[in-house]
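All remarks here apply to the structure that follows.
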Amino acid sequence: MKELMYSPAVPVSGGFVWLVGAGPGAADLITLRGKEALENAEVVVHDDLSGDELLRYCPAECEFVFVGKRAGRHSATQEEINRLLVSHAADGKRVVRLKGGDPSVFGRLGEELAALRQAGLPHAVIPGVTAACAAAAAAGVSLTRRGVASAAVLATGHECTGKSGPELDWEALAQPNATLCVYMGTKSLGLLAGRLMRHGHSPDLPVLMVSNASLPGQVVRSGTLETAAALATEAVGSPSLVLIGEIAAHNLAWLALGQHQQSLAHA
Ligand code: SAH
């Protein structure tokens with residue numbers, strides 16, 4: 001029953017951990033529920049955020065624990081993060097674990113949930129806008145589209161280099177009617193494009209690279225599988241999300257209008 005307490009507004013006695021998706025970067029793209037969790041937090045365990053804006057929602061006496069990477073300093077290990085969450089919640093604190101995008105998408109949510117469950121601590125997940133959705137919005141495309149893309153696949157480019165376990169079956173992923181959303185794929189984009197072409201994709205298949213989606217430095221670049229490697233080596237901003245598939249061709253006229261430069265949030 002404890003895990004069914006979703007809302008931060010529900011009074012909780014004793015420790016509780018909310019695993020909150022911060023969204024892609026812009027402070028106004030967190031959910032209302034996520035913001036409410038920050039407003040009620042006693043401890044916030046957070047990664048690298050694009051700014052401190054979100055942390056301003058927290059009470060003045062809130063404790064911040066930074067566990068991301070910063071120049072000259074190693075990020076905390078996953079085990080250290082798990083221990084932090086468990087120990088603060090066991091001390092009776094209201095803890096927010098704030099993660100970029102959605103916590104369940106390449107966010108190591110599974111390990112943190114397992115640690116909290118093993119310790120018998122109550123917790124809830126608050127979803128966030130994942131980078132693929134923010135990138136699609138920035139580029140003016142729909143991830144799925146009737147008759148064009150019947151599936152959208154979230155994949156990590158790390159798999160392409162074998163860095164994170166067994167390699168994905170890229171042949172199976174090279175579906176004609178799907179959009180491939182590649183996280184952490186900038187470095188391996190040339191390799192990945194080569195594999196997709198070997199598995200039957202056309203060299204003309206459209207590719208979009210969206211950097212800093214939702215942030216002031218947002219840039220959308222377009223190319224094809226054939227030119228993808230060059231797209232990745234141009235001075236692209238970080239982080240970047242790659243969208244591969246026919247849907248990417250549907251934004252070209254819109255991009256030409258320069259609409260993607262507009263930022264509703266800060267207009
Ligand atoms: N949990 C996050 C993903 C973490 S993996 C989510 O749901 O979005 C980190 C990768 O996400 C980055 O390497 C990049 O590929 C992508 N990413 C995160 N924020 C982004 C942004 N604002 N613009 C483009 N890509 C982004």
Side-chain angles (χ1 to χ4, degrees), residues 18-31 33-34 45-54 67-70 75-76 78 81 96-113 125-141 143 152-161 163-165 168 179-193 207-223 228 231-244 248 251 255 260-261 263-266:
W18 286 274
L19 301 129
V20 179
D28 55 353
L29 281 179
I30 191 170
T31 63
R33 191 178 290 182
V45 178
H46 65 97
D47 299 312
D48 263 334
L49 301 167
S50 51
D52 289 340
E53 270 182 81
L54 283 178
V67 291
K69 283 184 200 135
R70 201 161 270 173
S75 50
Q78 190 57 51
I81 297 171
V96 168
R97 171 71 176 111
L98 189 62
K99 292 161 171 284
D102 182 88
S104 74
V105 179
F106 305 122
R108 304 196 68 173
L109 174 67
E111 285 105 309
E112 293 173 14
L113 284 176
V125 180
I126 301 180
V129 176
T130 192
C133 295
V141 296
L143 288 182
V153 179
L154 308 187
T156 161
H158 272 174
E159 296 281 340
C160 202
T161 50
K163 273 189 202 153
S164 47
L168 280 171
T179 305
L180 201 49
C181 312
V182 189
Y183 291 71
M184 299 169 277
T186 314
K187 286 202 185 103
S188 56
L189 186 55
L191 198 63
L192 195 156
V207 175
L208 290 174
M209 179 179 282
V210 183
S211 307
N212 291 306
S214 85
L215 294 164
Q218 175 178 298
V219 177
V220 182
R221 289 186 177 79
S222 59
L231 257 190
T233 54
E234 281 170 28
V236 287
S238 171
S240 295
L241 194 288
V242 181
L243 298 174
I244 303 174
N251 81 325
L255 274 182
H260 62 295
Q261 304 291 0
S263 161
L264 279 178
H266 306 288

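Counting starts at 1 for both ligands and their atoms, following the listed order. For reference, positions follow the sequence shown, starting with 1.
Nearest heavy atom pair, residue Leu215 against residue Pro24, reads CD1-O, 4.1 Å. Taking every heavy atom of both residues into account, Gly21 and Pro103 meet most closely at CA-CD, 3.5 Å. Looking at every heavy atom in both residues, Val210 comes nearest to Ala139 through CG2-CB, 4.1 Å. Between Ser211 and Ser240, the shortest heavy-atom contact is OG-OG, 2.8 Å. The minimum heavy-atom distance linking Thr179 with Leu143 is given by the pair OG1-O, 2.7 Å.
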Close N/O pairs between ligand 1 and protein, under 3.5 Å:
residue  : atom   : partner : partner atom : Å
ligand 1 : 1 (N)  : Gly100  : O            : 3.0
ligand 1 : 1 (N)  : Asp102  : O            : 3.0
ligand 1 : 1 (N)  : Val105  : O            : 2.7
ligand 1 : 7 (O)  : Asp102  : N            : 2.8
ligand 1 : 7 (O)  : Asp102  : O            : 3.4
ligand 1 : 7 (O)  : Thr130  : OG1          : 2.6
ligand 1 : 8 (O)  : Thr130  : OG1          : 3.4
ligand 1 : 8 (O)  : Ala131  : N            : 2.9
ligand 1 : 15 (O) : Met184  : N            : 2.9
ligand 1 : 15 (O) : Ser240  : O            : 2.7
ligand 1 : 22 (N) : Pro24   : O            : 2.9
ligand 1 : 22 (N) : Ala213  : N            : 3.4
ligand 1 : 22 (N) : Ala213  : O            : 3.0
ligand 1 : 23 (N) : Ala213  : N            : 2.9

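Panel note: side chain Thr31, backbone Gly34; a donor-acceptor pair is recorded below 3.5 Å.
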